[in-house]
Amino acid sequence: KVTKLLAAMALSLVASVGSVSATTVAGTELTDWSVGVINGDLDTALSLGTTAPIALAGVEFNLNPRVGWNGDDLLLDLNLGYDVAEVLGTTVSAVGGVGLNWLETEDVAFDVRVGAGLSYPVAEDKAIFATYTLGYDFEEESDNTELLLGVSFKF
């Protein structure tokens, strides 16, 4: 319940934020920030992330580092996204990535994920998004799924 309350507060804050200037970290420009809620096999978690556009072999990708927290677990994800198409103003993306998760601050788990995402602009520099991924947890030796819903804002 606390995680859901924190997520609601974070989403309302992001929705009210106006334009801000771009941020550069270690020489890499971060073009948007996002806050959301992850609902998955581990439980529900608050998620904070950013996007850094990168080019690999001349192809434009989005590098998305993300931190999730639900009180007991710390989830660190690094995803790579590719915008596949735009349909009726909605951007459809392919997503893949890896995660390193501290579960109840005792166990460390490593997982890989693939999936798809949707992003729809709701105002200038703001969008709502959803990402659904299938993953494999090497620690548990099992499959898992995650649904991430949130709001992003661009600079």
Side-chain angles (χ1 to χ4, degrees), residues 2-70 73-101 109-137 143-155:
V2 172
T3 302
K4 290 179 183 176
L5 177 61
L6 288 172
M9 290 171 48
L11 288 173
S12 8
L13 174 66
V14 170
S16 65
V17 170
S19 294
V20 293
S21 61
T23 303
T24 303
V25 176
T28 303
E29 186 175 347
L30 306 177
T31 59
D32 72 16
W33 293 89
S34 63
V35 62
V37 176
I38 300 171
N39 190 358
D41 294 343
L42 288 176
D43 213 351
T44 302
L46 176 64
S47 173
L48 301 171
T50 189
T51 300
I54 62 170
L56 298 172
V59 179
E60 297 292 322
F61 290 94
N62 293 313
L63 187 63
N64 301 109
R66 181 172 305 282
V67 175
W69 176 75
N70 72 0
D73 306 325
L74 180 63
L75 317 170
L76 304 173
D77 294 317
L78 184 60
N79 295 315
L80 194 61
Y82 177 73
D83 293 343
V84 176
E86 186 171 317
V87 179
L88 301 173
T90 302
T91 302
V92 179
S93 302
V95 179
V98 295
L100 184 63
N101 309 309
F110 177 75
D111 64 12
V112 294
R113 310 202 141 286
V114 295
L118 300 172
S119 177
Y120 183 78
V122 293
E124 185 176 342
D125 300 332
K126 294 177 187 76
I128 55 174
F129 66 90
T131 305
Y132 182 79
T133 57
L134 301 171
Y136 182 78
D137 185 323
D143 298 330
N144 57 44
T145 61
E146 283 185 357
L147 176 62
L148 170 62
L149 302 171
V151 177
S152 66
F153 54 100
K154 294 188 182 293
F155 301 110

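Annotation: ring pair (Phe, Tyr, Trp, His ring centres under 6.0 Å) contacts of Y120 (sequence neighbours excluded): none. With sequence neighbours excluded, no residue forms a salt bridge (charged side-chain N to carboxylate O under 4.0 Å, His left out) with R66. Under the side chain to side chain donor-acceptor pair (under 3.5 Å) criterion, T131 pairs with no residue at all, not counting sequence neighbours. In terms of the side chain to side chain donor-acceptor pair (under 3.5 Å) criterion, N62 has no residue partners (sequence neighbours excluded).
Rounded to the nearest 0.5 angstrom, L149 CG and S47 OG are separated by 10.5 Å. Between N70 atom CG and N39 atom CG the span is 11.0 Å, to the nearest 0.5 Å. Atom-to-atom distance recorded for N144:CG and Y136:OH is 10.5 Å, nearest 0.5 angstrom. Annotation: the span from L75 atom CG to N101 atom CG amounts to 5.0 Å, rounded to 0.5 Å. Note that CG of D111 is 5.5 Å distant from CG of D137, once rounded to the nearest 0.5 Å. The distance from the CG atom of D77 to the CD1 atom of I38 is 6.0 Å, given to the nearest 0.5 Å.
Of all heavy-atom pairs spanning S34 and F129, the tightest one is CB-CE2, 3.7 Å.
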Could you walk me through whether T44 and V37 pass the side chain to side chain contact (heavy atoms under 4.5 Å, CB included) check?
CA-CA 7 Å; T44 302; V37 176; 3.4 Å; yes
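The residue from L46, T50, L74 that alone fulfils the side-chain contact (heavy atoms from CB on, under 4.5 Å) condition with V67 is L74.
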Only pairs under 3.5 Å count here: list side-chain donor-acceptor contacts from residues 78-97, not counting sequence neighbours, and write none if there are none.
residue : atom : partner : partner atom : Å
D83     : OD1  : S93     : OG           : 2.9

